[in-house]
Chemist: 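Encoded as structure tokens, here's the structure I'll be asking about.
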There are 4 protein chains.
Amino acid sequence: MKADPSSVDKTRGAGPKPAPVGRPRDPRIDAAILRATAELLAEIGYANLTMAAVAERAGTTKTALYRRWSSKAELVHEAAFPAVPSAIQTPPGDFAADIRAMVAAARDVFTSPVVRAALPGLIADMAADPELNRRVMARFAGVFGAVRERLAEARDRGEARADVDPDRLVEAIGGATLLAMLLRPGEPLGDDWVDQTTAILIHGALA
Amino acid sequence: MKADPSSVDKTRGAGPKPAPVGRPRDPRIDAAILRATAELLAEIGYANLTMAAVAERAGTTKTALYRRWSSKAELVHEAAFPAVPSAIQTPPGDFAADIRAMVAAARDVFTSPVVRAALPGLIADMAADPELNRRVMARFAGVFGAVRERLAEARDRGEARADVDPDRLVEAIGGATLLAMLLRPGEPLGDDWVDQTTAILIHGALA
Amino acid sequence: MKADPSSVDKTRGAGPKPAPVGRPRDPRIDAAILRATAELLAEIGYANLTMAAVAERAGTTKTALYRRWSSKAELVHEAAFPAVPSAIQTPPGDFAADIRAMVAAARDVFTSPVVRAALPGLIADMAADPELNRRVMARFAGVFGAVRERLAEARDRGEARADVDPDRLVEAIGGATLLAMLLRPGEPLGDDWVDQTTAILIHGALA
Amino acid sequence: MKADPSSVDKTRGAGPKPAPVGRPRDPRIDAAILRATAELLAEIGYANLTMAAVAERAGTTKTALYRRWSSKAELVHEAAFPAVPSAIQTPPGDFAADIRAMVAAARDVFTSPVVRAALPGLIADMAADPELNRRVMARFAGVFGAVRERLAEARDRGEARADVDPDRLVEAIGGATLLAMLLRPGEPLGDDWVDQTTAILIHGALA
DNA sequence: ATTTAAACGAGACGGTACGTCTGGTCTTGTA
DNA sequence: TACAAGACCAGACGTACCGTCTCGTTTAAAT
């Protein structure tokens with residue numbers, strides 16, 4: 001569905017020369033479109049965002065948008081997740097701190113104004129378009145890998161329970177954050193929320 | 001937003017008599033619409049479902065739909081959640097069993113074909129419409145209350161940790177299930193998935 | 001290509017009852033669209049006329065236009081030729097006067113501001129769409145018949161040459177007028193033009 | 001409007017030397033474009049002809065087209081009328097034969113497959129663009145002059161009626177042919193058509 | 001041999017109209 | 001009053017084409 005994969009794998013070493021022919025795309029237009037999309041998402045939300053409005057605010061035209069992204073969903077997911085943190089920013093050696101950092105990181109990503117505005121609509125589009133689903137998920141591959149890695153290290157140190165499946169852990173962290181965001185439209189998730197959620201994920205609900 | 005509350009609480013005793021005048025609604029039409037909506041959701045998904053198509057399959061017209069539901073979202077959420085289990089179906093006294101039952105119940109609700117097809121679109125609409133959000137959430141009030149109740153009982157018995165916030169627990173259970181459903185389009189969530197998720201929520205990730 | 005033939009043959013006696021069901025079309029909208037089209041043709045010409053602009057001026061929407069006419073060309077031909085004179089307005093018995101009347105009538109039709117603006121574009125569309133061609137020509141069937149009739153009468157009286165083919169006569173009258181209109185953008189065709197053209201058609205160029 | 005007049009009057013002696021510097025144009029490209037335009041006109045018509053398609057078939061690019069012709073209409077009129085006969089091919093001294101030759105010449109020009117396909121669209125564009133109108137008409141200046149000349153000679157010999165205006169005669173000949181072509185899409189105009197039309201223009205319709 | 005200026009292939013760009021689709025409302029005639 | 005049917009408003013959709021512009025490359029003539 002991607003109109004042009006070049007923006008994804010610009011420097012994919014498929015050959016010695018990609019031989020770019022014809023007028024090159026204006027990178028300022030790419031940036032202006034993404035910025036306009038992010039602004040409009042925060043201002044009017046996903047449902048009210050139109051390609052024409054994005055084009056107008058970016059100072060370009062619909063044609064230029066569709067040359068780069070094949071649909072509103074493709075554009076939005078790139079504008080909403082320009083960079084997903086692929087590494088956990090805490091020193092290793094303390095698994096409890098790792099989990100808290102993961103929860104906080106998930107909270108930070110999901111409650112940014114742009115993501116809050118984009119994600120519900122994106123979820124709907126992803127459910128209807130497997131290819132889009134795959135592409136969005138690819139953005140989070142780094143996070144998933146980092147969780148998996150920290151969990152393996154903690155297990156080696158004897159810090160983590162052996163029966164904890166990394167995918168289940170990701171689902172629990174990400175799912176709790178996602179649902180909390182959806183249930184509290186407009187309200188932030190404070191550090192106390194992070195603490196409470198972390199407590200359950202670390203010690204469980206049982207005494 | 002509800003066009004007519006009568007289909008929800010037909011005999012709400014607000015007064016002595018609502019004085020029904022004119023031709024009464026044909027209840028077969030209500031049923032046909034809901035059935036057509038559920039079928040189409042499973043077949044073509046939320047985004048491709050149109051009110052006109054629902055009307056056609058139900059053998060009626062758009063007018064009849066809008067007389068009963070004020071919007072596509074209102075119709076779909078009623079077709080997708082005809083009945084949400086409001087009580088936990090396990091005998092009390094075993095909090096671990098309670099949690100597993102909750103996870104399994106969430107899994108059962110979220111992975112039914114109709115809910116799978118409807119929920120992503122509903123999430124998008126709910127994010128844009130607080131009133132709809134409120135109405136859908138009301139359907140789950142019973143579940144939330146049940147979780148809260150069981151947790152309180154378990155805490156009284158000393159079975160549950162005192163610092164477990166019931167809202168966080170609901171978010172973790174529902175969120176993990178929701179995200180798992182979204183991440184595995186078309187694939188079921190088996191009993192092993194329930195077991196693994198339950199393990200984390202009961203004992204936590206730490207050794 | 002006609003979106004709905006009902007506006008053409010509203011009372012075609014195909015059966016005892018057409019049984020009109022559903023909300024009927026608002027005839028004021030038909031009139032407003034045709035009026036807006038004629039106005040815009042005269043103001044900005046065929047090429048610059050857009051369906052959206054017609055809809056806006058008519059106080060309605062594009063949907064309503066396309067429900068009635070399947071394309072810009074279909075709409076314009078109906079707006080440009082609301083009524084083509086189907087009879088010659090001179091007393092019979094003088095074939096020279098008949099021809100002059102025909103030339104003057106052709107001049108009147110072709111040099112009206114709306115027809116002047118519409119015809120060039122219509123000619124282009126007709127060449128690309130045989131069905132449209134047929135429909136436009138049908139509007140002139142009455143004129144053609146009238147010419148044929150007057151010619152036959154004149155021949156019976158011995159006034160007209162026996163070898164004059166009626167189709168050739170129509171082509172000469174209409175063609176000369178059409179070309180004169182095309183060659184003089186914006187300029188009128190006066191009575192002297194009618195006299196000169198009539199002279200050739202009556203007496204020929206030879207002495 | 002002409003992008004570059006060089007293709008029309010390459011050696012216009014406006015100055016001592018135009019001093020052609022830089023890479024000269026490839027004349028094979030001029031030819032290929034005109035041939036591709038003529039072919040596509042005959043195949044898909046004026047409305048469906050796009051500059052991109054012409055470029056592709058000619059094995060070149062849009063840039064090369066616009067370097068030579070400033071618009072689709074400019075290109076088409078040059079492809080459709082590569083050469084208009086500027087003189088009448090009959091021996092002088094017989095005005096009736098002159099007229100028949102003019103009618104036949106008009107028929108030959110207007111019914112060639114390329115002109116048939118191009119003219120309706122050109123008429124539309126000419127009506128909207130006076131400059132284009134002027135340029136196309138200039139191609140027919142020779143024909144007009146020839147008619148005028150023959151008419152003057154015939155009048156001097158006493159063969160032609162004195163009140164015949166040459167412009168009216170041109171309009172009658174050209175107009176009748178144009179309209180006949182438009183009214184018979186795809187059908188040829190035979191010699192009998194020429195005879196019948198000539199008869200009216202020579203002797204008139206009156207007995 | 002080098003410079004220069006324009007032609008060339010390729011394709012992005014702004015602009016604009018197209019005809020379609022959907023959501024949700026309104027207006028008929030009939031039951 | 002419900003109902004079937006379908007017209008209505010409003011507005012986004014994605015496509016297509018026009019004519020311009022900007023690259024990097026090639027080709028001749030002038031230096």
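Nothing here was measured: the structure is a model prediction, and the numbers come from that model. Residue numbers begin at 1 in each chain, while the letters A, B, ... track the order of the sequences.
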Chemist: Has the side chain of A:R23 got a donor or acceptor that lies under 3.5 Å from a partner of the other kind on the base of F:dC21?
Modeler: yes
Chemist: Does B:R25 have a side-chain nitrogen or oxygen under 4.0 Å from the phosphate oxygens OP1 or OP2 of F:dT1?
Modeler: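 No, B:R25 has no side-chain N/O under 4.0 Å of OP1/OP2 on F:dT1.
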Chemist: Are any non-hydrogen side-chain atoms of C:Y46 and C:L119 less than 4.5 angstrom apart?
Modeler: no
Chemist: Check whether any side-chain N or O of C:T60 sits under 4.0 Å from OP1 or OP2 of F:dC9, and answer yes or no.
Modeler: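 For F:dC9, OP1/OP2 do have a side-chain N/O of C:T60 under 4.0 Å.
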Chemist: Flag the pair C:V114 / C:T37 as yes when at least one side-chain heavy-atom distance between them is below 4.5 Å, and no otherwise.
Modeler: no
Chemist: Is it true that the NZ or CZ of D:K72 lies under 6.0 Å from the centre of D:Y66's six-membered ring and within 45 degrees of the ring axis?
Modeler: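 No, D:K72 does not sit over the ring of D:Y66.
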Chemist: Salt bridge check: are C:D30 and C:R25 linked by an N-O gap of less than 4.0 Å?
Modeler: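 Here C:D30 does not pair with C:R25 in a salt bridge, since their nearest N and O are not under 4.0 Å apart.
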Chemist: Expressed in angstrom and rounded to an integer, what is the separation of A:W69 atom CH2 from E:dA12 atom P?
Modeler: 14 Å
Chemist: Rounding to a whole Å, what distance do you find between A:I29:CD1 and E:dC13:P?
Modeler: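 Taking atom P of E:dC13 as the reference, CD1 of A:I29 is at 4 Å.
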Chemist: Hey, can you pull the residues of residues 32-54 of chain B with a non-hydrogen atom under 4.0 angstrom from DNA chain E?
Modeler: B:L49, B:T50, B:M51
Chemist: Can you tell me how far CG of D:N133 sits from NE2 of D:H77, rounded to the nearest 0.5 angstrom?
Modeler: 11.0 Å
Chemist: Give the rounded distance in Å between these two atoms: CZ of A:R68 and P of F:dG14.
Modeler: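 Result: 17 Å.
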Chemist: Rounded to the Å, how far apart are A:Y66 OH and E:dA12 P?
Modeler: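 Between P of E:dA12 and OH of A:Y66: 17 Å.
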Chemist: Run the numbers on C:W69 and C:V54 for side-chain contact (heavy atoms from CB on, under 4.5 Å), then give the verdict.
Modeler: CA-CA 12 Å; C:W69 295 278; C:V54 170; over 6 Å; no
Chemist: Rounding to an integer number of Å, can you tell me how far C:E56 CD sits from F:dG11 P?
Modeler: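 Computing the C:E56:CD to F:dG11:P distance gives 11 Å.
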Chemist: Output yes when a side-chain donor or acceptor of A:D129 lies under 3.5 Å from a complementary backbone atom of A:D125, and no otherwise.
Modeler: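 Absent.
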Chemist: Do NZ/NE/NH1/NH2 and the carboxylate oxygens of D:E43 and D:R57 come within less than 4.0 Å?
Modeler: yes
Chemist: Nearest-nucleotide wise, let me know which of A:P27 and C:P24 is further upstream toward the 5' end of DNA chain E.
Modeler: A:P27
Chemist: Please classify the nucleic acid contact of D:K62 as base, sugar-phosphate, or nothing, using heavy-atom distances under 4.0 Å.
Modeler: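 Base contact.
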Chemist: Is A:E74 paired with A:R135 through a side-chain N to carboxylate O contact shorter than 4.0 Å?
Modeler: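 A salt bridge is present here (some side-chain N lies under 4.0 Å from a carboxylate O).
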Chemist: For B:L75 and E:dT22, what is the distance between atoms CG and P respectively, to the nearest whole Å?
Modeler: 16 Å
Chemist: Can you find a pair of side-chain heavy atoms, one from B:L40 and one from B:N48, that are under 4.5 Å apart?
Modeler: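 B:L40 vs B:N48: side chains apart.
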Chemist: Angle, rounded to 10°, between the helical axes spanning five pairs at each terminus of the helix from E:dA1-F:dT31 to E:dA31-F:dT1?
Modeler: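 Inter-axis angle at the ends, rounded: 10°.
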Chemist: Does a side-chain N or O from A:R67 land closer than 4.0 Å to OP1 or OP2 of E:dG14, or not?
Modeler: no
Chemist: Roughly, in whole Å, what's the span from CG in C:D125 to C1' in E:dA17?
Modeler: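 Checked: the CG to C1' distance equals 14 Å.
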Chemist: Would the base of E:dG15 count as contacting A:T63 through its side chain, where contact means a donor and an acceptor less than 3.5 Å apart?
Modeler: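 Result: at least one qualifying N/O pair found.
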Chemist: Check whether any side-chain N or O of D:R28 sits under 4.0 Å from OP1 or OP2 of E:dC8, and answer yes or no.
Modeler: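 Answer no for this pair, as no side-chain N or O of D:R28 is under 4.0 Å from OP1 or OP2.
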Chemist: Using heavy-atom distances to pick each residue's nearest nucleotide on DNA chain F, tell me which of C:A64 and A:K72 is more 5'.
Modeler: C:A64
Chemist: How close or far is atom P of E:dC18 from atom CG of C:L65, stated in whole angstroms?
Modeler: 10 Å
